[in-house]
Colleague: 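Have a look at this one.
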Amino acid sequence: ETRFLNIPHRMDWNEEHVSSWLQAIGIKPEHIWKLKAEEVTGPVLLNINESYLKKLGLGGGQIQLLLSKRDELLLLDKSKTIKKRGENREEAKHEVVSSSDVTSPEQPLLSSDLTETSVSLPQSRYRKLNDNDEHFSYIKHAILPPETGIDNLITPCHEYKSLENACKLEPRKLKIKFASEVIRFACACMNMRANGTIHFGVMDKTKTSYKHGEIIGIPIEDKEIFQEALDYIEKCFPALHSDARKCIKTPKFIPIVDKGSQTQNWIVEVDVVPMVNIVRDKLYSAHIPKFNEKTNKIEYEQKAYYQRVGPNTPRITEDELVSFSQALKDLDQKREQEENSQNQTQAHFKEDLERKLLVLLTRGKKYMDNTLRYILVSNRFDQENLQNIKFLVQMNIFCVFDYDPDSKSSGLCHNYKEHHAVNLHFLHDYDHRENTVDLIKKLQLFDRTSWIFCNGRSDYNGGESPCDEKTWIKTKKKLLKRSVSVICNEILPKGSFVVLFIHTHITLQFKSISSPVIRMGVYLCQTMDGHEDIVIISVSREIYKKWSSLAQVSCLLDILEQISVVGMPMSHINATIQVHQLTCHQDGCLPVSNNGVCFIKSVDVERMNSLEVVCVDQCDETNVDLMEQEQIQKIEQYFYQGGKIDWVNMWLADNNKCEEVIKRDAYAEISKMLEDLERSDSLKRSIENINIYHEPGSGGSTVARQILWNWRKKMRCAVVKQSYQATTVCEHAVQIWNYEEVDKNACLPVLLLLEDCNADYQDDLRRELSNAVTTMKISPSKLCFIILCCKRSLDPERMCTALPLRTVGVTHKLSPAEKKLFSKKAGSLKLKFEPEFILTFVLMSKEFEQSYITGFVENLLKEIDHSSLQTQLIKFVALLNSHIENSYLSISHCEAFLGLGIHLDKFDKMAKPDETHISSVRIIHNLIAKEILKQLSSYQSQSEIAMSLLQDKVLFDHRFGRDDFRKFVRDLFIKRTKKSKGDPNDSWFSPLIEHVRETEDVEKAIDLLKLAYTSFDEDAFVAQQLARLLNENKNFEEAEIWAKRAKSHLPQHIYILDTLGQVYKKWFYSKHDAICKKNADIQPEDITDIIDTALKGITAFRESEKCPQSKMVCLNNSYFGEVDIGCRLLELLSNVDIFSTKEGKRELMDYLLTDYIPEEVQKPWQRFHGLLKGMKDSIRIALECISDDLAHFQNFTSEEEEELAEGEPETVNNPRKWLLRKSAVYAKLFFHDIQEDEASDANIVSPLMRQMKIFQLGGGNVTTILYLLSDNNKQRAGAKLEKIIDLFPVNLKKDLDQTGLINFIFCQIALSCASPGSGKLHSIEELQNISRRFCSEKRTALPDTAYLLLSILFWPEDSMGKEPSNTRSDIVMNAIKALQRYSEIKSASSRKGRIFTHFFLGKARGLNKIVHKTTIEKFCKGTLSERRLKWQGGEVWTNPDVVKVLKRVTGYTENGNLFVRVSDQSNIRVIPLFSASLPNSNENVAFYLGFSLHGVVAFDIKVAE
């Protein structure tokens, strides 16, 4: 039966009450900390359930104990009567639970005092006997153990006196009260030959609200009162007062730590130590003093002898005196023996600090490696201790909380920075609002040690100066708590790090419990749910005592001692830890051009933090003697289990410590390519690319890393970290390239490994490197950088065709030679490992045969419990890994889901270790994951697994790794496959949704997306996908609802607005097709609803076109949608009964182009007249916008566009062809076919008819005109252009508007490129004369195409050294400046793509000086990828045919800009492109000139000789 005394009702319990109850019933301390941190109070305890306790990580046994004992409490509350244990027991409201009650209800209480001991408050421990520790303190309201009798003579007995009332007495009376209690207790201890301590300020047996043994303390104004009280010894022990003086020690005043009080209370303790050489053969009596209130004098009681009986101090009666005196001899002998025994124990006891230090820092390992990260908490280091920090330099330190403001200038930070690069932070840097992933990236948390200055920096000019404790609490306390929480709860997984406090001397930071360092300990204990991951190093006992006395607020002293290494000098710590460190810190070596090596400082390597540099002596610092065979096998197993190969793995193989890693045939192919590139006679480019495409699990990434490892002595090698921008990577790559080299033209090339990067990043890096090489004036034929790009692909062989000479495919298929190697290796590995623990290798050796995979998974799932949480977890991970590349589930999530420490016996056989900083699990290969789902489909379909995953609150709400988890799950519903990324096809939806709608049921896919929408807090993009799915399924009404719902969340998002337009577009098409299939006459009122739908679609597309984000995309898909709907709608109108005849067509034109409204449509189409009449212009404007984007930029698609856009294949792959075709469709709607004889008669053919015919043939805009030149048959292209030119009126200036004139001149230029001898061509002088009209139109804004024409036509043909016509130079200069202004406006917020260069300046004269880009491309042979590389690498400009055609222009550089002079007074700024980066100095240069809508551009810039 469980009972409580002196404790509030359960509903009033606070966290302390609950913690004490949990301790009493036997719950583990670490779980008590967790429940306390979660603020579990009485009401929470009464309603707590099993799932919540699982979430907190309690094991099954602990949960059972807690809940059963809680239920006993509930039963007690319901009971009206409570059994009594004794007649003298108080009422039920004062009952108390004791540990004996809980563990054994039948066991009788040992003493009445024990029953009254409260367990509702934290326990405390005694000060050591006769210890003068000035730093020792007690915690207010903590509970000391019950008062004790004599156990042995050395262990002190204890007696408590509260002095609760006596402390208020006047000094004389208080002195008498204190003396009387001390004398009585001391006399008893001396007679018993037993050590003892009497405590004043601790509750004794009282009937107050306080608990027995509760530390209350007393206020003390004058300590001398208590010290002078011992002066009564002489009168109390008249005969033996000298003995009493020796045995009774001076009072000790112990401060009480009370966070909530401004006043200081104390515990007064008096120790009694009756050494046998003092008390031998003596029996002591005492006259106890007391104060007589009547006489107001001090009196002494009759002489009496005292003894200890249990926890009490009674007199020795007359009857007992003889026998007691006779027993003294035995007591003296026992005392002497125990004193001798204690002395021997103290002499022989010596704590093994070396072992303790190693165990604490490595969690029980025999050596220290990089598997654990360390968080260091330090205060000021003196200079002597700073000489002994090498062990810290070699530890894997994640961050440092430094309380020394001078650390950067003269302290620990200053010394550490000599060996490692660090990032200097303040506490507020961690008070983030972005997601954790962004914070990690912003602060570079896993790239360098973060040095967090917790109390400012004395050398910093930014206002972070040190402050006193009061100011610190006000300004930084919350920031510290937040920082600790972010690092320990959100960034580093539990169990992956150790917090190390190093205390080298006492500072002001140990002033009180509010001190910053003390608060750090409190927050860490709260945040980390206990003390398991905390280690304290204190170089002296004095420092430790001060620290621990204050830190006991958050951690019991017993626990603090367990996790503390005390009294070990820093020099010893430094040497001890270094002996056990697996790697020693040393500088690396790089190969140099003279076949030697140079040293590279590790701090320099770390500063190049965008690269993982692979040195010549990589891993040589590893102390292999420390590594056990078991650890070496773990490294091997990690790799053969599917983990990425580590450098140490290859190092161990080279040193015959483990088996050699098989080299696939691709290794030899790539080595041959590198050898070819090394030979100077084969070089053509300064930057070369080699691509590896590999199927997942085929060993492609291993091949890439083997290449780096085995070439590290011939080239400088590094792995690129793609979290950094290409500019940063380039900067660091150049630093590693010329590090310690004298002659830049002799530097060894740098081999850079790019893993699974997108094409744009690769292009950006190549361009940046190319620019850097040109800037440094390196010979263009000197090989500087090789980019080894390793990408996953489900179709590697297809990807090889793009660049066959520089691409290697790695598939699951093994060559005959590889089969032999794999078969032999598999045999040797099976002798060392179980097959399931080297599964990836076994699969590879079997060439991923489906039958083997099927058999393996069948065996794995045999007798699996489909209802268990473990099985459900396997399903979740399999679902993620099947569809989302590089996905995983963090161990922390797994533990939360299972509600215990993770033990996944089935998982272990197929779990793949993860390479991220988060400890996590994933299925070993996505083919295994797919097979698991396939075999489990009869029990639970993928849609059902996904439903369960979305509904699992534990996983979704789990804090650690939350951003990654939510991203992976969200990608299940949004992320599509793309051929451009190596996928086998371009999917319309995510693979999961595709699978569910095709193999299960489209309704399940819809339900799944609806649930995902709510699970992701009404995510607009999930709503968009749902709208797309419903639209695809022709459920248009609901698709409209969801598209509008997505729009309500993101009303200005281009793709969501486009999706709404696409819904209306498909809905309109459906209605259009349905009415056309009827083959009946269509009346105006029949299509009112259809027109309404079409116009809604056009309106939605226009909203998308106008939103700000539209400027940020290459081609706004909504323009295409508007044109498609518009053309189809006009076609439908032409089929309406009243418009279907020849006359009806003319009437339709009148309706669309004039104010005329036919009576038949007046009422039915009343709402649409305005929009319908604007159709001709709106479609033309949309076509012009598409043309404008295509004329400005090369095709470029971002990742967001690939995921969210809905472009049709033609609009994405060949938008210029689509534009040409749609222009013809549009034109045909507005004219009847012109006969040959009509074409030349301006009187017969109206301007509109001519305009539409020009549109139909491709002359309607600049892009379609120039696209005609892409026809390989130039004669056919010339014939088309001549036909278009014939359609323009004779009087160009009078009969053509601005746009028409621009198009005519572009047709002339295009014709001169396609057919230079055509009779339809005007001379350049005539075209110049015509185009002067643009110069005269001062007040109207000209299109940028007009300025492009002026810059081309008026560009001087003579060399720039001669003086050209001032007028012509002014025209050119003004035109190019206008283009540059346009470009700045257009590109200010744009990432649309790369500048599109239409024409180049040739050596010929007249119109023939204008060379179209297709002419240059014709000279470049090879695949598309090879041609692209030739453009990027500048190889185009060395082609003899190109050199023969193009003219080099002379110019100069000044202040980092490139100019060409057009007259003595004027010059033009030229934009450098590709590898044409400018020289740093001011130089005369020559280059090829290109013409674009951004201005004139320069290619192949060379410094003039």
Side-chain angles (χ1 to χ4, degrees), residues 373-431 443-445 447-469 471-473 475-477 479-480 483-484 487 497-511 515-521 523-524 535-540 543 546-547 569-571 573-574 577 585 602-603 606-607:
R373 288 187 166 87
Y374 294 90
I375 296 173
L376 180 63
V377 184
S378 76
N379 52 19
R380 193 179 300 276
F381 271 64
D382 57 34
Q383 288 305 309
E384 182 184 348
N385 288 323
L386 283 174
Q387 304 308 310
N388 295 296
I389 65 162
K390 192 172 181 183
F391 75 100
L392 290 175
V393 171
Q394 292 168 185
M395 286 170 69
N396 185 15
I397 295 180
F398 179 77
C399 68
V400 179
F401 286 91
D402 198 335
Y403 289 87
D404 176 11
D406 300 317
S407 184
K408 165 71 166 50
S409 55
S410 59
L412 180 61
C413 181
H414 175 267
N415 283 38
Y416 187 88
K417 274 168 63 61
E418 293 176 1
H419 306 280
H420 290 292
V422 300
N423 288 328
L424 307 180
H425 295 145
F426 295 109
L427 291 171
H428 61 72
D429 291 318
Y430 292 82
D431 188 25
L443 300 182
Q444 301 176 346
L445 293 184
D447 296 328
R448 294 181 182 175
T449 298
S450 295
W451 211 280
I452 306 166
F453 289 86
C454 300
N455 189 22
R457 255 175 64 194
S458 55
D459 67 311
Y460 186 62
N461 296 326
E464 281 284 343
S465 54
C467 55
D468 58 30
E469 184 179 304
T471 309
W472 188 94
I473 291 170
T475 59
K476 292 186 170 64
K477 182 181 80 170
L479 292 174
L480 175 66
S483 301
V484 170
I487 291 171
F497 65 96
V498 169
V499 179
L500 175 60
F501 285 79
I502 297 184
H503 301 311
T504 57
H505 69 283
I506 297 176
T507 69
L508 287 175
Q509 288 139 7
F510 288 173
K511 189 176 178 182
S515 300
V517 178
I518 303 300
R519 285 190 177 274
M520 182 80 192
Y523 297 151
L524 280 165
V535 180
I536 298 157
I537 292 177
S538 191
V539 297
S540 76
I543 295 171
K546 178 66 174 174
W547 150 263
M570 280 293 287
S571 57
I573 292 166
N574 186 38
I577 294 178
H585 180 78
S602 56
V603 70
E606 288 171 16
R607 285 181 185 135

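Atoms considered below: every heavy atom in the structure, side chains included; atoms not considered: hydrogens, waters and symmetry mates.
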Colleague: Distance-only, no hydrogens or angles: does the N574 side chain make a donor-acceptor pair with backbone N or O of K390 under 3.5 Å?
Modeller: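 Yes.
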Colleague: Between L480 and F401, is there a side-chain heavy-atom distance shorter than 4.5 Å?
Modeller: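 Heavy-atom side-chain distance check passes, below 4.5 Å.
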Colleague: So which heavy atom on D429 is nearest to which on L443, and how close?
Modeller: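 Reported closest heavy-atom pair: O-CD1, 3.8 Å.
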Colleague: Apply the test side-chain contact (heavy atoms from CB on, under 4.5 Å) to residues D404 and F381: give CA-CA distance (whole Å), side-chain angles for both, the deciding distance (0.1 Å), then the verdict.
Modeller: CA-CA 8 Å; D404 176 11; F381 271 64; 5.9 Å; no
Colleague: Hey, does C399 have a side-chain heavy atom less than 4.5 Å from the side chain of I487?
Modeller: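 Heavy-atom side-chain distance check passes, below 4.5 Å.
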Colleague: Just so I know, are the side chains of M570 and I502 near enough to count as touching, which here means a heavy-atom distance under 4.5 Å?
Modeller: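 They are in contact (side-chain heavy atoms under 4.5 Å apart), so the answer is yes.
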Colleague: Checking the side chain of N423 only, and the main-chain atoms of S450 only, is there a donor and an acceptor separated by less than 3.5 Å?
Modeller: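 No, because the side chain of N423 does not come within donor-acceptor range (under 3.5 Å) of the backbone of S450.
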Colleague: Can you give me the closest heavy-atom contact between N379 and D402, atom names plus distance?
Modeller: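 Taking N379 first and D402 second, the nearest heavy atoms are O-OD1, 4.4 Å.
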Colleague: Mind checking the CG-CD1 spacing from N415 to I389? Nearest 0.5 Å is all I need.
Modeller: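 Taking CG in N415 and CD1 in I389, the distance rounds to 4.5 Å.
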Colleague: Looking only at heavy atoms, which two atoms of F398 and L445 are closest? And how far apart?
Modeller: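 Reported closest heavy-atom pair: CE1-O, 3.2 Å.
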Colleague: So K417 and V603, do their side chains get closer than 4.5 Å, heavy atoms only?
Modeller: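 In short, these two side chains do not touch, never coming nearer than 4.5 Å.
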Colleague: My understanding is that only residues two or more places apart in sequence, or in another chain, count here; which of them pass salt bridge (charged side-chain N to carboxylate O under 4.0 Å, His left out) with K408?
Modeller: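 D459.
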Colleague: Can you list everything that forms a salt bridge (charged side-chain N to carboxylate O under 4.0 Å, His left out) with D406? Sequence neighbours excluded, please.
Modeller: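 Only R380 meet the salt bridge (charged side-chain N to carboxylate O under 4.0 Å, His left out) criterion with D406.
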Colleague: As an exercise, state the distance from OH of Y374 to OG1 of T449, rounded to the nearest 0.5 Å.
Modeller: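 Going from the OH atom of Y374 to the OG1 atom of T449 covers 13.5 Å.
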Colleague: Can you confirm whether N388 sits close enough to I573 that some side-chain heavy atom of one is under 4.5 Å from a side-chain heavy atom of the other?
Modeller: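 No, too far: nothing below the 4.5 Å cut-off.
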Colleague: What's the spacing between H503 NE2 and I537 CD1 if we round to 0.5 Å?
Modeller: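 The NE2 atom of H503 sits 10.0 Å away from the CD1 atom of I537.
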Colleague: Working to the nearest 0.5 angstrom, can you tell me the gap between N455 CG and Y403 OH?
Modeller: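 The OH atom of Y403 is 9.0 Å from CG of N455, to the nearest 0.5 Å.
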Colleague: For D382 and N385, test the side chains for any donor-to-acceptor distance below 3.5 angstrom and give the result as yes or no.
Modeller: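 Yes, a side-chain donor-acceptor pair sits under 3.5 Å.
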Colleague: Can you find a heavy atom in the side chain of M395 that is under 4.5 Å from one in the side chain of L500?
Modeller: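 Yes, close enough: below the 4.5 Å cut-off.
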Colleague: Any idea which heavy atoms bring F453 and C413 closest together, and the distance?
Modeller: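 So the minimum-distance heavy-atom pair works out to CZ-SG, 4.1 Å.
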Colleague: How close do L412 and S407 get, counting heavy atoms only, and between which atoms?
Modeller: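 That closest heavy-atom pairing would be N-OG, 3.5 Å.
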Colleague: Roughly how far, to the nearest 0.5 Å, is CD of Q394 from OG of S602?
Modeller: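 So the gap between those two atoms works out to 10.0 Å.
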Colleague: Would you confirm whether H420, through its side chain, and V393, through its main-chain N or O, come within 3.5 Å as a donor-acceptor pair?
Modeller: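 Yes.
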Colleague: Heavy atoms, side chains only, cut-off 4.5 Å: are R457 and F426 in contact?
Modeller: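 Yes, their side chains come closer than 4.5 Å.
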Colleague: Any donor and acceptor pair, going by atom type alone, linking the side chain of R448 with main-chain N or O of L424 inside 3.5 Å?
Modeller: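 Side chain of R448 to backbone of L424, a donor-acceptor pair under 3.5 Å: no, none is there.
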Colleague: Of all residues at least two apart in sequence or in a different chain, which pass the ring pair (Phe, Tyr, Trp, His ring centres under 6.0 Å) check with H419?
Modeller: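 Partners of H419 under the ring pair (Phe, Tyr, Trp, His ring centres under 6.0 Å) test: H585.
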Colleague: Are V539 and P569 packed together at the side-chain level, in the sense that at least one heavy-atom pair is separated by less than 4.5 angstrom?
Modeller: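 A side-chain contact under 4.5 Å is absent here.
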Colleague: For C467 versus T475, what's the shortest heavy-atom pair and its separation?
Modeller: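 Answer, listing the atom of C467 first, then T475: SG-OG1, 4.4 Å.
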Colleague: What do you reckon, is CG of D468 surrounded by more than 12 foreign heavy atoms closer than 6.0 Å?
Modeller: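 Yes - once you tally the heavy atoms of other residues, nucleotides and ligands closer than 6.0 Å, there are more than 12.
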Colleague: One pair to check against side-chain contact (heavy atoms from CB on, under 4.5 Å): V400 and Y416. What are the steps and the verdict?
Modeller: CA-CA 11 Å; V400 179; Y416 187 88; over 6 Å; no
Colleague: With no hydrogens and no angle check, is any side-chain donor or acceptor of S458 less than 3.5 Å from a backbone partner on P405?
Modeller: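 A pair under 3.5 Å: yes.
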Colleague: Testing Y460, W451, Y430 for ring pair (Phe, Tyr, Trp, His ring centres under 6.0 Å) with H425, which one passes?
Modeller: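 When ring pair (Phe, Tyr, Trp, His ring centres under 6.0 Å) is applied between H425 and each of Y460, W451, Y430, only Y430 qualifies.
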